[in-house]
Amino acid sequence: MEKLRIAIQKSGRLSEKSLELLKEAGISLNNGSRKLRSVAQTFPLEVIYLRDDDIPQYVEDGVAHIGIVGENEYAEKECAVDLVERLGYSRCRLSIAVPKSEGYRTLGDLAGKRIATSYPVILKKYLAEKGITADVHVLSGSVELAPSIGVAEAIFDIVSSGSTLISNGLKEVETVMKSEAVVIANQNLGDAEKRLLTDLLFRIRSVLAAANNKYILLNAPNDHLQQIIEVLPGMKSPTIMPLAEPGWSSVHSVLSEKTFWEVIDRLRELGAQGILVIPIEKMIV
Ligand code: ATP
Ligand code: MG
């Protein structure tokens, strides 16, 4: 029986969410104590746990058929793999930062300066695009300390809230790329693996769609029913049922998280009452 082999970060900022995603996709793993690999019971899937740096190469080589990594690692490693799905978690950005006291104006100010980073490929590409020549100094960790210990004049690193920069006396001056967790796949999968990947992505998309949408029920006065329906697209179109009270209808639909508050405000303006919003467990898209 064919199995799809997926590489997941062993321990770090991607691990927990990635395992949770598989679980929500109905794939349970017997990983009481985290091992190097585990086999799923409810889907032909084998998980191997690796450092995130190694995942793109393992997927290119076919040791793993697919993997979950940060888009930053995918971009940095430049491996021949396909990005097949964006997952929306572990969001961060890669930015250039300089000491707070520095009077930074443009990227040109960094010409001839030393920039410390763990992402030399992405940084060099960016500097080349902008026509700036700087000295890229590779560090494998604690990049944010480099300016204060005199190793570099600027850094290029992962930022999420920015609090690490602030506590090291740095300010963010250029955002170079945004990143989120992504699924990458080997470019030469066999037919069986391709079929399993399609099945897995279908489940993952259903989980992500459910997380991004809410089920909404409300009571609408019939004289505004048409306008209310126009505000609520739903999956196909809203469900309408008459209420026992004359002149009113019950409306059921699906709302996207993105436009959620705008739509709610508009519905209230149109006289909607008794609005209930319910989480969706799975959404088959
Ligand atoms: P490993 O030991 O596997 O090499 P690591 O230390 O390189 O782990 P982590 O810090 O666990 O990596 O981060 C993994 C990924 O999570 C990063 O490549 C990035 O995509 C994302 N990430 C990093 N920092 C944050 C953050 N503060 N908030 C959200 N996502 C982040
Ligand atoms: Mg790493």
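First listed ligand is number 1; within each ligand, the first listed atom is number 1.
Residue E71 places no N or O, backbone or side chain, under 3.5 Å from any N or O of ligand 1. Considering backbone and side-chain atoms together, S11 places no N or O closer than 3.5 Å to any N or O of ligand 1. Considering both main-chain and side-chain atoms, E73 never comes within under 3.5 Å of ligand 1 through any nitrogen or oxygen pair.
Annotation: K171, atom NZ; neighbour count of heavy atoms from other residues, nucleotides and ligands within 6.0 Å is above 12.
Heavy atoms of R91 found under 4.0 angstrom from ligand 1 belong exclusively to the backbone. Contacts between D52 and ligand 1, counted as non-hydrogen atom pairs separated by less than 4.0 Å, involve both the backbone and the side chain.
Among protein heavy atoms, atom 20 (O) of ligand 1 sits closest to N72 OD1, 2.6 Å. When only non-hydrogen protein atoms are considered, atom 13 (O) of ligand 1 lies nearest to R13 CB, 3.7 Å. C92 SG, 4.0 Å is the protein heavy atom nearest to atom 21 (C) of ligand 1. Nearest non-hydrogen protein atom to atom 2 (O) of ligand 1 is R51 NE, 3.3 Å.
The distance from the CG atom of L139 to the CG atom of L145 is 9.5 Å, given to the nearest 0.5 Å. With rounding to the nearest 0.5 Å, the separation of NE2 in H224 from CG in L267 is 12.0 Å. Once rounded to the nearest 0.5 Å, the distance linking CZ of R203 with CG of L21 reads 11.5 Å. Expressed to the nearest 0.5 Å, how far CD1 of I158 lies from OG1 of T164 amounts to 10.5 Å. In this structure, CG in L4 is found 9.5 Å from CG in D199, a value given to the nearest 0.5 Å.
Counting all heavy atoms, side chain and backbone alike, L110 lies closest to A154 at CD2-CB, 3.9 Å.
Look at E73 and the Mg ion (ligand 2): no N/O/S atom of the residue is under 2.8 Å from the metal.
Between the choices S15, S90, G12, the shortest heavy-atom distance to atom 30 (N) of ligand 1 belongs to S90.
Taking the Mg ion (ligand 2) as reference, D52 places its N/O/S atom OD1 nearest. The closest approach of D53 to the Mg ion (ligand 2), by N/O/S atoms, is made by OD1.
Within ligand 1, the atoms closer than 4.0 Å to a non-hydrogen atom of I158 are 17 (C), 19 (C), 23 (C), 24 (N), numbered from 1 in the order shown. Shown in contact with G70 at under 4.0 Å from a heavy atom are these atoms of ligand 1, numbered in order with element: 20 (O). Listed by number with element, the atoms of ligand 1 under 4.0 angstrom from any heavy atom of D53 are 4 (O), 7 (O). Near Q9, the atoms of ligand 1 lying under 4.0 angstrom from a non-hydrogen atom of the residue are 1 (P), 3 (O), 5 (P), 8 (O), 9 (P), 11 (O), 12 (O), 14 (C). Residue-ligand proximity, S160 to ligand 1, at heavy-atom distances under 4.0 Å covers atoms 26 (C), 27 (N), 28 (N).
Each of L127, D109, I115, T106 was compared with I132 under the side chain to side chain contact (heavy atoms under 4.5 Å, CB included) criterion, and only L127 meets it.
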(request) Kindly determine whether E71 and K178 satisfy salt bridge (charged side-chain N to carboxylate O under 4.0 Å, His left out), including the steps that lead there. (result) CA-CA 8 Å; E71 210 174 336; K178 292 207 165 128; over 6 Å; no

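Look at K125 and E78 and you find a salt bridge, because one of the NZ, NE, NH1 or NH2 atoms lies within 4.0 Å of a carboxylate O, short of that distance. For E20 and K17, the salt-bridge test fails: no basic side-chain N is under 4.0 Å from an acidic carboxylate O. Between E180 and R86 there is a salt bridge, since a side-chain N of the basic residue sits under 4.0 Å from a carboxylate O of the acidic one.
For atom 6 (O) of ligand 1, the nearest protein heavy atom is 4.0 Å or more away.
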